[in-house]
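What you see below is based on every heavy atom in this structure, not just the backbone, and it leaves out hydrogens, waters and symmetry mates. Here the structure is a predicted model, which means the values were calculated and not measured. We name chains A, B, ... by the order of the sequence lines, and we start the count at 1 in each one.
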Amino acid sequence: MADPVRIALVYPTVLGTYGDGGNATVLTQRLRWRGIDAETIDVGIDHSVPEQADLYVLGGGEDSAQTLAVNRLGDGALNRAVDAGKTVFAVCAGFQILGETFLDGAGAVHPGLGLIDCRTDRLDGPRAVGELLGDSALDGVGTVTGYENHGGRTVLGPDATPFATVRSGIGNGDAAGDGAIQGNVVATYLHGPALARNPELADALLRRVVGELDPLDDAEELELRRERFAAITRAKVTRWRRQWRPPARQ
Amino acid sequence: MTSTRYALARTAGSLAAGLSRRTGRGDGTTVGGRITLALDPTALEHAAGGRDFAIVSGTNGKSTTRTFLTAALLTRGPVVSNAGGANLPTGLTAALTRDRTARIGVLEVDEPFVPIVSEAVHPRVAVLLNLSRDQLDRYAEVRRLAGIWRDALSRPEAPVAVANCDDPLVVWAASAAATTVWVSAGQRWANDTAVCPACGGVITRDGADWSSDCGLRRPTPTWTVEGTQVTDPDGTRHQVTLAIPGDVNVGNAAMAAAAAALWDVTPADAFTAMTLIDEVEGRYLRTSFAGVPVRLLLAKNPAGWVEALSMVPDHEVGVVIAVNARPADGRDPSWLWDVGFEVLRGRVAVATGERSRDVAVRLRYADVDHTRVDDEAAALRAATKVGPVEVLANYTAFQTYRRVVGDG
Ligand SMILES: [Zn+2]
């Protein structure tokens, strides 16, 4: 029997504020349910990221945690894994630190890991908080749903392409895109967690590691997705109603 | 004339509260307080009226600790308290306006309001329990809350801090106070304190001990908690057998006893008074539904869910998981994935509440057998078929269940 597929959950104690550790749970379980041996490695903040994992998952975190995490990752282990063709899935703060630069807690520009051609500063308006809906550029993933909660604006450079086109919500806050795709690195602002609310996205990532996959019965996820789509429509209708005024008489 | 203005504001507030109660819109506490405060912004200070206060704050355990401390201080005389858990300045103003005779007050205060309330009521003591992620759509960062507390405690005439030495965020905040009483009240949820709030470095842990390179470290407690035993500053051990469940509540009792000691209540008297408490506004309430015993447990955030799940007994019970995501709950239930629902494996759970679909997906990935039922009463009925039922619910879902079982 082959070695188990290893899902490395990178620094969950500092990059796990918004339930994003669930992404690793989803990946591992979707392999096991298909009879493929899989394990999650929780990487502690005192440790270097293991280079022999198959897929790396990073989540959201607070400003000071973000700086701590990127300083730890400065040892180059994650960059070497990406060079070796490994897949990385990063969310929110995890996304920002993979870019060229981001802002630290004090508002100073901080260098990122340079794995994505993007730079993050601050959104002009208030913090982006709420449901986020988009159409993913990844093959077979389709509509993606989640919850965003960030104050960052991320501008992509020419080497990166958006992970999704935003239909509702803010996302990167630039050119109606959310997240980024660059080689084997996939990043987004979606919490929820993203892979629990978008099982097709979870499988798209897993296919990069293990090839073709048997289908699963995702009835409960589909029901959750339908409810979230309907909630966004309901909220939009409420907003229109509030904003609607009778046309002025000529 | 400020005092005339306050008298008018107070009258208007109680009228509105009475109207709100009669029209069945609520218990009137918040609307009454809001009107009083709108008419006179210094109303809270006036309502405090130079009385002797303890305030209680923290992400979890506020209501229970407030109830414990109130019970202990009642041995000294009448106590005014914001029972009902309306813990914003409006609710506090209303509570203090209603009872103007009690000379001692025990107020639970929502975390960001600790500075405002301290300024207004000049408490003798601030009981600081813990800080962890909660309603991240509103408050964004836990460390910011710790900073707000720290600023409040560094002011001149700040209260004595009775503080949990096991929570690094609380320690960083409370160490700014001139006088601090440290209590080892415990911290089962350490996921928000991996990063040092003082320097942004790593917090290293060794058993209960923790430290950061910058010098922030676990202070030596003067009150220590081990299991159900509390050792007071004189070294006397007290066996604390509470009527409500959960190890965490022994820690809350120790915090309350340490605060009550500032009013010369002996630990023995304080703990005796606390053992009589068997529910806190419906939390831990034992009741029955369709002839089957039911217990209601409230859990508002990941730390609270971890504690609540630890209270579910091992034997055959039905478990209801009820989750809403209204503004009072926090709009984003992603935190469901921070909680180890895997401990429910081998049991049958019923998911309900407005976000029951999120719960169902979470339970699926935790390999917990479950069904999903939209209606809360129907969900409870379904769970009673398994055996006695533990209902675990977040804030607004909990209020629904109090109505379902006919309490409140
Ligand atoms: Zn430090």
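Side-chain contact annotation: Y18(A) with R133(B), donor-acceptor N/O pair under 3.5 Å absent. In this model, no donor atom of one side chain and acceptor atom of the other lie less than 3.5 Å apart for Y365(B) and E220(A).
Residue D20(A) holds its CG atom at 7.0 Å from OG of S334(B), rounded to the nearest 0.5 Å. Taking CG of L224(A) as the reference point, atom CZ of R362(B) lies at 13.5 Å (rounded to 0.5 Å).
Contact annotation for D46(A): only side-chain heavy atoms (C-beta onward) come within less than 4.5 Å of a heavy atom of chain B. Neither the backbone nor the side chain of R32(A) comes within less than 4.5 Å of any heavy atom in chain B. Contacts between T13(A) and chain B at a heavy-atom distance below 4.5 Å involve backbone atoms as well as side-chain atoms.
Contact tally against chain A (heavy-atom pairs below 4.5 Å) for T204(B), V339(B), L336(B), D367(B): the top residue is D367(B). Between chain B and the options G130(A), G146(A), G16(A), the largest number of non-hydrogen pairs under 4.5 Å is found for G16(A).
Salt-bridge check for D63(A) with R144(B): failed, with every basic side-chain N at 4.0 Å or more from each acidic carboxylate O.
Atom OH of Y395(B) sits in a sparse spot, with 12 or fewer heavy atoms from other residues, nucleotides or ligands closer than 6.0 Å. Within 6.0 Å of CG on D209(B) lie more than 12 heavy atoms contributed by other residues, nucleotides or ligands. When the shell of 6.0 Å around CG of D213(B) is examined, it contains 12 or fewer heavy atoms from other residues, nucleotides or ligands.
Residues R197(A) and V361(B) are not in side-chain contact: their nearest non-hydrogen atoms beyond the backbone lie 4.5 Å or more apart. Residues V195(B) and E62(A) form no side-chain contact, since every pair of their non-hydrogen atoms from C-beta on lies 4.5 Å or further apart. With a 4.5 Å cut-off on side-chain heavy atoms, H191(A) and W335(B) do not count as touching.
Proximity of a side-chain donor or acceptor of E223(A) to a complementary backbone N or O of R357(B) within less than 3.5 Å is not detected.
Annotation for D338(B) and T17(A): closest pair OD2-O, 4.0 Å, computed over non-hydrogen atoms. The shortest non-hydrogen separation linking E227(A) to D358(B) is OE1-OD1, 4.3 Å. When all heavy atoms are compared, the tightest approach of A196(A) to W337(B) is CB-CZ2, 3.4 Å.
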Should E221(A) and R364(B) be marked as a side-chain contact (heavy atoms from CB on, under 4.5 Å) after you check the CA-CA gap, both sets of side-chain angles, and the distance that decides it? CA-CA 10 Å; E221(A) 287 90 334; R364(B) 157 168 154 88; 2.8 Å; yes

